[in-house]
Amino acid sequence: MPHIALPEGFPGISAGFTYRPETAKPMRQLAHILLHEPSSLSPGERELIATFVSSRNNCQFCQLSHGAAASAHLGDTAIVTQVKTDFRSAPISDKLKALLVIAGKVQQDGKLVTSADVEAAREQGATDLEIHDTVLIAAAFCMYNRYVDGLGTWQPSDPEMYAQMGRHLASEGYNAPSIKQPLNQQVDQPVGAA
């Protein structure tokens, strides 16, 4: 049950965005730039960073929706699961592993990132822009995760809803909502509900 009177039938972040569209616009634009616009990191890699941070923040909605977007880009859900559980043994590049080390430290406390972490990423081929964007993705997803969970938003359990949302995010990006009308809340209960 949301902590404030959010629009009914809108899951996760879409409830907050629908409630206050004027703050939704810059938040959507930031996500679109970081995750969807051209970059030397693939959209799938950037979605993996967002998913990893969201899983460490235990934000069910964000880790499932961005995990679905990563799966849509990569064509493989197993990689997403492995990155969330043990990224060091996941079949991803050493560069992405080094960037996930940085993202994990930002998720805990940005001051934990060291020059050695940055140098290790550079040694694996990461550019300064990729390091910058990794830090910003991690920081932004801490904000998005806390926004979703701090409002107590409704978080459906239907995997197909997340898969559909992930396909939309992968193909269309973040400027337009993937949830345009209320969903039937009677089918799903909030995460953790009995």
Side-chain angles (χ1 to χ4, degrees), residues 11-17 27 30-32 34-36 39 41-113 117 121 126 130-131 133-170 174 178-179 188-193:
I13 204 163
S14 60
F17 284 175
M27 291 173 74
L30 178 61
H32 191 79
L34 290 174
L35 301 176
H36 196 73
S39 170
L41 291 174
S42 74
E45 290 172 319
R46 290 176 281 159
E47 290 286 0
L48 282 175
I49 295 167
T51 302
F52 174 70
V53 170
S54 298
S55 71
R56 292 186 69 156
N57 283 327
N58 198 28
C59 182
Q60 185 79 4
F61 180 81
C62 292
Q63 69 176 295
L64 292 177
S65 57
H66 292 281
S71 294
H73 284 297
L74 301 170
D76 189 346
T77 58
I79 292 173
V80 175
T81 301
Q82 200 164 1
V83 164
K84 291 192 310 185
T85 56
D86 179 16
F87 73 88
R88 293 179 194 278
S89 65
I92 58 175
S93 70
D94 288 338
K95 176 174 82 172
L96 184 55
K97 289 176 185 179
L99 292 171
L100 287 172
V101 168
I102 292 170
K105 288 187 175 185
V106 170
Q107 179 269 331
Q108 295 174 62
D109 179 346
K111 293 178 188 142
L112 296 176
V113 178
D117 297 324
E130 290 169 342
I131 293 164
D133 286 1
T134 296
V135 169
L136 188 51
I137 291 167
F141 272 84
C142 286
M143 175 188 65
Y144 294 133
N145 300 159
R146 287 168 177 89
Y147 182 50
V148 166
D149 290 339
L151 288 173
T153 63
W154 170 56
Q155 299 183 30
S157 57
D158 179 11
E160 182 49 37
M161 189 221 61
Y162 290 102
Q164 180 181 357
M165 189 181 308
R167 288 189 296 271
H168 170 85
L169 295 173
Y174 293 83
S178 58
I179 307 293
D188 295 313
Q189 295 193 16
V191 173

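By convention here, the first residue in the shown sequence is residue 1.
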Just by modelled atom types, is the [Y] backbone N or O under 3.5 Å from a matching donor or acceptor in the [X] side chain?
X      : Y      : result
Arg56  : Phe52  : no
Glu47  : Leu35  : no
Thr77  : Ser71  : no
Tyr162 : Pro156 : yes

Search all heavy atoms of [X] against all heavy atoms of [Y] and return the closest pair with its distance.
X      : Y      : answer
Asp149 : Gln155 : OD1-NE2, 2.9 Å
Ala103 : Ala138 : O-CB, 3.8 Å
Ile92  : Lys97  : O-CE, 3.6 Å
Ala72  : Ala170 : CB-CB, 3.7 Å

Find the distance between CZ (Phe141) and OG1 (Thr51) and round it off to the nearest 0.5 Å. 7.5 Å

dist Asn145:CG -> Gln60:CD (nearest 0.5 Å) comes out at 11.5 Å

Decide yes or no for [X] and [Y]: does some side-chain heavy atom of the first lie under 4.5 Å from some side-chain heavy atom of the second?
X      : Y      : result
Tyr144 : Val53  : no
Ile102 : Val135 : yes
Ser42  : His73  : no
Gln107 : Asn57  : yes
Leu136 : Val106 : no
Leu100 : Arg88  : no

For the pair Phe17 and Tyr147, name the ring-plane relationship: parallel under 30°, tilted 30 to 60°, perpendicular over 60°. tilted

May I ask you to decide whether Glu130 forms a salt bridge with Lys95, counting only side-chain N to carboxylate O separations under 4.0 Å? yes

